[in-house]
Amino acid sequence: MTVTLADVAARAQVSPATVSRVLNGNYPVAASTRERVLKAVDELDYVLNGPASALAAATSDLVGILVNDIADPFFGIMAGAVQSEIGGPGGRAGGERLAVVCNTGGTPERELTYLTLLQRQRAAAVVLTGGAMEDAVHQAAVAAKLRKLTEAGTRVVLCGRPPAPDTGAIALTFDNRGGGRELTEHLIGLGHRRLGYIAGPEERTTTRHRLEGHRTALAAHGIEEDPRWTVHGRYDRQAGYEATLELLRRDPTLTAVVAANDTVALGACAALRDSGLRIPDDVSVAGFDDLPFSIDAVPALTTVRLPLAEAGARAGRVAMGREDAPVGGIAMVRGELMVRGSSGRPRG
């Protein structure tokens, strides 16, 4: 049953005109009244009718791209690639489509808020990039939002994110487990047996999948993991620096450090140098993603290259209906091991 503006007014105990004023933002309304109206909108999941030109169509010309941190090259590359495929003529009456990048800051509340706002604007497509939160309640809430979007005619694509079953969303998911396993197997093949691991935030699917790949490689080669060898932190350089110092404090005999991503790996390299250790002579370092700066690091980073630009462009084409969705609605995007100067054989 469609929720109307009158339903929202009744729930908030105000007039329909007041609801309209709050939603349009064109007339001053008391803060307490505004809060009641917005609460009723959320509770009833009311979808705001857009401009008259949008009412004749199932969706508008708006495309939403959700990222955790637009300043992070991982997300910036994907967002730029998505946008490159949705620009140009193709909207109603041949007009341009408007891409809106929504920066969630990695917070579940902002992610849900942006999905709600895009639903109210009848977005033509929504692309969600990067890993998902591991919280079951949040996952259920996101799934409900995605289901409402697709049921309303919005094309939803998950780029670098695990599938969301029974939502109608298309998933181009990164093989983080496979990449993590291959990276650690490379280091083991060089002779390393004492490997420190700097994992990302524990609540992210990307963190868990890459760590699982690492542990699978250790187990396959009969290496018993020491609990001291794993430290969790943010996906940034400072976290990599601090985590490496902590790993060295816990076990100074480590011969390799595997980082959650390339940015974290840069911090690890800095911490090793400041500790008087040489890379890779004393300690090897490996990252993940193959971000643009990785090859220019000194020494260049051994890493797993994820085709971020290619995946983002494909997500954009699928979102715009210019490329067929993968069979079953899910495609696995695999990485490629890039062996460079930051990894070598351990001493002795």
**Message:** Quick check: do V231 and R250 have side-chain heavy atoms less than 4.5 Å from each other?
**Reply:** yes
**Prompt:** Which word best sums up how the rings of F174 and F74 line up, parallel for under 30°, tilted for 30 to 60°, or perpendicular for over 60°?
**Reply:** perpendicular
**Request:** Count the heavy atoms of every other residue, nucleotide or ligand shown that sit under 6.0 Å from CD of Q13, and state whether that count exceeds 12.
**Result:** no
**Asked** Got a second to check how far C159's SG is from F75's CZ, nearest 0.5 Å?
**Response** 10.5 Å
**Message:** Show the nearest heavy-atom pair for residues L291 and D262, with the distance to one decimal.
**Reply:** N-OD2, 2.7 Å
**Request:** Identify the two heavy atoms, one from G276 and one from D282, that lie closest to each other, and give their separation to 0.1 Å.
**Result:** O-OD2, 4.3 Å
**Message:** Donor-acceptor pair, distance only, cut-off 3.5 Å: does the side chain of D274 make one with the backbone of A271?
**Reply:** no
**Message:** What I want to find out is whether R249 reaches E246 closely enough, with some N-O distance under 4.0 Å, to be called a salt bridge.
**Reply:** yes
**Prompt:** How about Y235 and D69: does a side-chain donor come under 3.5 Å of a side-chain acceptor?
**Reply:** no
**Message:** Taking the basic N atoms (NZ, or NE/NH1/NH2) and the acidic carboxylate oxygens, is any pair closer than 4.0 Å for E35 and K39?
**Reply:** no
**Asked** For the hydrophobic clusters of this structure (ILVMFWY residues joined by side-chain heavy atoms under 4.5 Å, transitively), does one cluster hold both V29 and V8?
**Response** yes
**Fill in**
V298 and R273 have their tightest heavy-atom pair at O-NH1, 3.5 Å
**Request:** Taking R237 for its side chain and G267 for its backbone only, find out whether a donor-acceptor pair lies under 3.5 Å.
**Result:** no
**Asked** Does R347 come within less than 4.0 Å of D281, counting only side-chain N to carboxylate O?
**Response** no
**Asked** When you measure from the side chain of R161 to the backbone N and O of G130, does any donor-acceptor pair fall under 3.5 Å?
**Response** yes
**Message:** My understanding is that only one of L187, V285, L183, D290 makes a side chain to side chain contact (heavy atoms under 4.5 Å, CB included) with T302; could you say which?
**Reply:** L183
**Item:** Donor-acceptor under 3.5 Å (S20 side chain, A17 main chain)
**Value:** no
**Asked** Taking side chain as C-beta onward, heavy atoms only, is V258 less than 4.5 Å from F288?
**Response** no
**Message:** Would you say L272 ends up clustered with L266 if hydrophobic residues are merged whenever their side chains have heavy atoms under 4.5 Å apart, either directly or through other cluster members?
**Reply:** yes
**Message:** Please check this pair: side chain of N103 against backbone of I70, looking for a donor-acceptor N/O pair closer than 3.5 Å.
**Reply:** yes
**Item:** Full working for side-chain contact (heavy atoms from CB on, under 4.5 Å) between S294 and R340
**Value:** CA-CA 10 Å; S294 301; R340 299 187 181 122; 4.0 Å; yes
**Request:** Measure the shortest side-chain to side-chain distance between P280 and S342 over non-hydrogen atoms and say whether it is less than 4.5 angstrom.
**Result:** no
**Asked** Any side-chain heavy atom of E336 within less than 4.5 Å of one from V304?
**Response** no
**Request:** Please test L112 against H138 for side-chain contact (heavy atoms from CB on, under 4.5 Å), starting from the C-alpha separation and ending with a verdict.
**Result:** CA-CA 9 Å; L112 290 172; H138 178 66; 3.7 Å; yes
**Prompt:** Below 4.0 angstrom, N of the basic side chain to O of the carboxylate: do E85 and R317 qualify?
**Reply:** yes
**Residues R97, L62; criterion side-chain contact (heavy atoms from CB on, under 4.5 Å); working and verdict** = CA-CA 6 Å; R97 291 187 176 91; L62 179 68; over 6 Å; no
**Asked** Out of curiosity, does F293 fall in the hydrophobic cluster containing I77 (side-chain heavy atoms, cut-off under 4.5 Å, transitive links)?
**Response** yes
**Same apolar cluster (I L V M F W Y, side chains within < 4.5 Å links), L247/L277** = yes
**Fill in**
Between T116 and the options E111, K145, Q121, the side-chain hydrogen bond (donor to acceptor under 3.5 Å, both in side chains) test singles out K145
**Fill in**
Here the gap from I86 atom CD1 to M320 atom CE, rounded to the nearest 0.5 Å, amounts to 5.5 Å
**Asked** With a cut-off of 6.0 Å (strictly less than), are more than 12 heavy atoms of other residues, nucleotides or ligands near CZ of R147?
**Response** yes
**Message:** Quick check for you: to the nearest 0.5 Å, what is the distance between D135 atom CG and R204 atom CZ?
**Reply:** 11.0 Å
**Item:** Polar side-chain atom of T173 near backbone of G160 as donor-acceptor pair, under 3.5 Å
**Value:** no
**Request:** Please lay out, stage by stage, how R194 and D251 fare under the test side-chain contact (heavy atoms from CB on, under 4.5 Å).
**Result:** CA-CA 9 Å; R194 303 182 71 81; D251 188 351; 2.6 Å; yes
**Atom of A319, atom of V127 and distance for their closest heavy-atom approach** = CB-CG2, 4.1 Å
**Request:** Kindly indicate whether the side chain of L195, heavy atoms from C-beta on, has any atom under 4.5 Å from the side chain of L218.
**Result:** yes
**Item:** More than 12 heavy atoms of other groups within 6.0 Å of E202 CD
**Value:** no
**Prompt:** Rounded to the nearest 0.5 Å, how far does CD1 of I198 lie from CD of E242?
**Reply:** 10.5 Å
**Single-linkage hydrophobic cluster, 4.5 Å side-chain cutoff, L337 and L211 together** = yes
**Message:** Give me the atom names and distance for the closest heavy-atom approach of G131 to T205.
**Reply:** CA-OG1, 3.5 Å
**Request:** Would you confirm whether R345, through its side chain, and G191, through its main-chain N or O, come within 3.5 Å as a donor-acceptor pair?
**Result:** no
**Message:** Any side-chain to backbone donor/acceptor pair from T104 onto V67? Under 3.5 Å, distance only.
**Reply:** yes
**Prompt:** Heavy-atom distance under 4.5 Å between the side chains of P73 and L308, does that happen here?
**Reply:** no
**Prompt:** Counting heavy atoms not belonging to D296, are there more than 12 under 6.0 Å from its CG?
**Reply:** yes
**Request:** Find the distance between CG (L128) and CG (L158) and round it off to the nearest 0.5 Å.
**Result:** 6.0 Å
**Item:** Taking every non-hydrogen atom, the tightest pair across S343 and H186
**Value:** OG-NE2, 3.0 Å
**Message:** When you compare the side chain of P326 with that of R314, does any pair of heavy atoms fall below 4.5 Å?
**Reply:** yes
**Nearest-0.5 Å distance that lies between atom OH in Y114 and atom OG1 in T107** = 8.5 Å
**Request:** Check whether any side-chain N or O of R11 sits under 3.5 Å from a backbone N or O of A40 as a donor-acceptor pair, and report yes or no.
**Result:** no
**Under 3.5 Å: donor-acceptor pair, side chain of R181, backbone of A217** = no
